[in-house]
Each structure stands twice: as C-alpha cells, then as structure tokens.
Amino acid sequence: MITINNEPTAYTPIFLGTTQHSLRLSLETLIMVGMKLNDEIIETYNVTVSAIELGYLPSIGSEIAIDEITGSELSGFKAKIRQSDVKIQNTVSSELENLIELKNVGRYQLLKGKNNMTQELNVPELSNNNLILMRQLLGVTQQELAIAMDMSRKTVNRFETGEQKISDKFVNKLISVYPQLSEAIEVEVQFDWVSLTFPDLTSKQVIADVLRLQDNLFLERPTSQNFYTREMAFAGEKNIYIQDFAPVKNPETQAIEQKFGTTLYLTGKGTRLFEKALLEQNMNWRNFFEKARQYRGHLTRLDIAINDKWGLLKMNDLVKAVQEKRFWSKSKSYAVHGNVDDGWTVDFGKSPFVIRAYDKHKEQANKGTSFKDVKQRQLDEVASKMNAMPLRQALDGKRPMVVFEQEYKAMQRYRRAYEKRKQRMLEERQNDEK
C-alpha cells in the first residue's frame, strides 16, 4: 500500500536501482521505483529520497519501504520513507561510496600508460588544492565562503593552506550550501551507452546468465526493430532491454523452434540502473565485459561520457577554434553541426571511434523536456479539447498543472493497457498455432 499524490493505491513499491549520474553521501539520492500489482510492474517513478532516511540500498527487485510519493513529471517526484522500517545502523554511506567508485570509470580505465584496468577503485580525498579550485569556480572569496558555511575565515584559510585536514562534516556542509558541487566533484567519466550482441543466446538467457536479474522485472513484447521479433524491457522501459527472436512453430513438424542471436542494450539511464546490479554481484565493469566475452559477446557500441558540470568548455569557443582549425588531432576527420540557438555538436574522428562534444542542456530542451515548452503544449491541448472555451472557465477553477497531471496519467494508463492487449493477442495467436 502506497499513497501517490494523496491518492491511496494497492501498489507495492519495488526498488529498481539508482538513476542519477553522480551521487553524494548524506544528501538526496535519485532512484527508480516500480509499482507492482499482482506480480506485474504497472508503472515506474524516478523519485528523490534522503539517503540518511533510506538507511540502506535494497537489492534490485525487492520491496522498498516507501509510504508516500508526491510531485509531478515536470517538477520531479519525492518519496517519504516508512520510519518504522528505517535501520538503526546506517549502511547506505558505504554502499553509495562503492557505487560512486563503480560509476567513475575514468579513474581506472582511461589512465594513460595503463595496459590493464585495475580491480581496485580509489576515490581521492578532497585536498586543499581542490578546495581552492572549487572556491574559485564558485566565484567566492574566503570571507564569502566562511559566511555561507557559518565559520570563520581563518578556518577556511587553514583548510586551503593544508594546516587543518578537511573533514567529511565540512564536505557534507559544503555540498549542502552549494548543491551544484554534488554532481561536479563526484563523477567525471562514466559509461553512457553499452550494447552487446550474443550470437548463441536468447534474451531470457542473457537476463539469467549475463545480467543476472530477476526475469519477472522484464516486460516481454513484440518488436520489428533490427530484424528481431521479440523485446524484453526492464520495467517495461527502454533503459535496459534485449531484442531477439520469439519462438515459432514449424508448420511442417509442429515443433517449436527457437532462433538464437540477441542484442543487449544499456542506454544512459540503463547503465546507471545496472551499476547497482553489478554492485550487488560484487563486480565492476571490467568483470562484466569479461563475463560477456565468455558467452561470445561482441561489443557493438560503447559511449563514454565526460560531464563538464562547471561549463569549463565553452561550446562557442570550441566551434570557433575548430572552424579556424586551431586544434590538433590524429584524425583528419571532423565535423560541426548545429547553431548558437539550438546548440552545437562537434565530432572528431570517424566510426567506430568518435569524440563528440555537445551542449547537453540545449539538446534536452530540443527534445521537449524543458518545463516551459511542455507546460504550454499541454495547456494548449487541454484548451483545444474543451472546445476552445476561455481557459479559466474550461479548467473550472482548477490549477492548469493539476489538469495536465490527470491527462498525463490517463495517457499512461491507455499506453499500458494497449501494451497488455497486444501481448495477450500475441499469446492467443501463438496458442492457436500450436
């Protein structure tokens, strides 16, 4: 039983993994939660929850002690933890610390002169030089930082000169005062897309043997992409999904035949969700790729994202430098796409190895994810559906976003019902053929 925006439901909340790029101890963590009913995940929510209140990270697929979810798709959802279930011993700090190390692939996979990836992942402590750099990037003086942190300027100066060791308490407070630091100092480099092809496996074998996730967390549905006929999607979404060939009946022998060959996709959010599964299996990315090779897995795509949270790299300056050929590259191939308003994209190299720089914020806005664009579009649709009456009269005194939420939920219900109906029709057709 869980309450969603003051509406009681019979759903059981299931933990599906962490979804954010970077993590910071003792602050809010973004996780994915599935709403389970009758052993089926009906819908999913990406919610923020206090890591301190959470107490520990559940295993993927297990129940999570959430009492209430509030918020919206546009403003984000927040979850409240059932207090009676909070652990007295807080173990989430060590778990998140391990997850932070696992996320930052750059420190152990991209170091110059290293032939092999190391097994141990080490996250350096915040040094006095790091603190000086961060203060300069924030554009504040020692005195301004001291006032914001509620301490003396002399204490800040002792931290920066190395006379006094920087404590975890100071770092946590620094992140609380300047939340933009939480993403900037933790994760620098990580995998953003992974796809692997397995010529000798089916999708269900990949789930059981390669991913080692619960098969009941995947929704089976038909597909026609990439010449495949079946798709298994984690929680019904295209974050972690596998495409292969559905079993068919041989019309001559009446035997059920299974064609082998499948492709596994871990998209941006999918890689972050799967990292929690790797942590549960006491594995890192190197272990995972080694295991995939044992099953004759072939890597078809690997994207490595370097997140410039501070905006140190100015896209307009980069484009100008490229256009004026003020750069050095082993590859002679390069290309510039886009414009100032929609955002620039700069590519160096050619397939299969390309380095791409682009403006993530503008790219997301062009997808229609900005609050302003979505809100106006939905309000226009509501007004049109209500015979173009004056908006205030049409909404009958309700707030515009309340009406939008109702429309959005209805759309989601229709989509889930349609997927279920298609699946039932497919199963009935397969049974008739038998």
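Please read these numbers as outputs of a predicted model, since none were measured by experiment.
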Within a strict 4.5 Å, meaning less than it, do heavy atoms of the V33 and I14 side chains meet? no
With heavy-atom distances below 4.5 Å as the criterion, would you say the side chains of T12 and L37 are in contact? no
Does a donor on one side chain sit under 3.5 Å from an acceptor on the other, for [X] and [Y]?
X: W344; Y: N339; value: no
X: T44; Y: E237; value: yes
X: S203; Y: D244; value: yes

Can you sort out the partners of F15 under ring pair (Phe, Tyr, Trp, His ring centres under 6.0 Å), two or more places apart, ordered by chain and number? none
Under a 4.0 Å threshold between the charged nitrogen and the carboxylate oxygen, would E68 count as salt-bridged to K78? no
Does E40 pair with K36 as a salt bridge, N-O distance under 4.0 Å? no
Considering only residues two or more places apart or on different chains, which pairs with a residue in residues 130-151 satisfy salt bridge (Lys or Arg N to Asp or Glu O under 4.0 Å)? R135-E160
Let's go through V49 and I31 carefully: what are the C-alpha distance in whole Å and the side-chain angles of both, what is the deciding distance for side chain to side chain contact (heavy atoms under 4.5 Å, CB included) to 0.1 Å, and is it a yes or a no? CA-CA 8 Å; V49 60; I31 64 174; 3.9 Å; yes
Can you check side chain to side chain donor-acceptor pair (under 3.5 Å) on T300 and S195, steps first, answer last? CA-CA 6 Å; T300 55; S195 62; 2.7 Å; yes
Give me the ring orientation class for Y265 and Y241: parallel if the planes are under 30° apart, tilted from 30 to 60°, perpendicular past 60°. parallel
What do the steps show when you test V248 against N250 for side chain to side chain contact (heavy atoms under 4.5 Å, CB included), and what is the final call? CA-CA 6 Å; V248 295; N250 187 312; over 6 Å; no
Check step by step if side chain to side chain contact (heavy atoms under 4.5 Å, CB included) holds for D192 and R272. CA-CA 8 Å; D192 198 50; R272 300 190 288 278; 4.1 Å; yes
Please report the C-alpha distance between K204 and E220 in whole Å, then the side-chain angles of each, then the deciding distance to 0.1 Å, and finally whether the salt bridge (Lys or Arg N to Asp or Glu O under 4.0 Å) criterion is met. CA-CA 10 Å; K204 293 187 177 181; E220 182 177 339; 3.8 Å; yes
Does atom [atom1] of [X] have more than 12 heavy-atom neighbours from other groups under 6.0 Å away?
X: H298; atom1: NE2; result: no
X: D317; atom1: CG; result: yes
X: K259; atom1: NZ; result: no

With no hydrogens and no angle check, is any side-chain donor or acceptor of R326 less than 3.5 Å from a backbone partner on L318? no
Is a side-chain N or O of K320 found less than 3.5 angstrom from the main chain of M315, in a donor-acceptor match? no
Between atom CG of L145 and atom CG of L131, what is the distance when rounded to the nearest 0.5 Å? 6.5 Å
Separation of Q205 CD from D200 CG (nearest 0.5 Å): 9.0 Å
Strictly under 6.0 Å, is that where the ring centroids of F274 and F234 end up? no
Check for me whether the distance between the ring centres of F260 and F245 falls short of 6.0 Å. no
Could you give me the CA-CA distance, side-chain angles and deciding distance for F77 and Y45, then say whether ring-ring contact (aromatic ring centres under 6.0 Å, His included) is met? CA-CA 7 Å; F77 293 98; Y45 289 86; 4.9 Å; yes
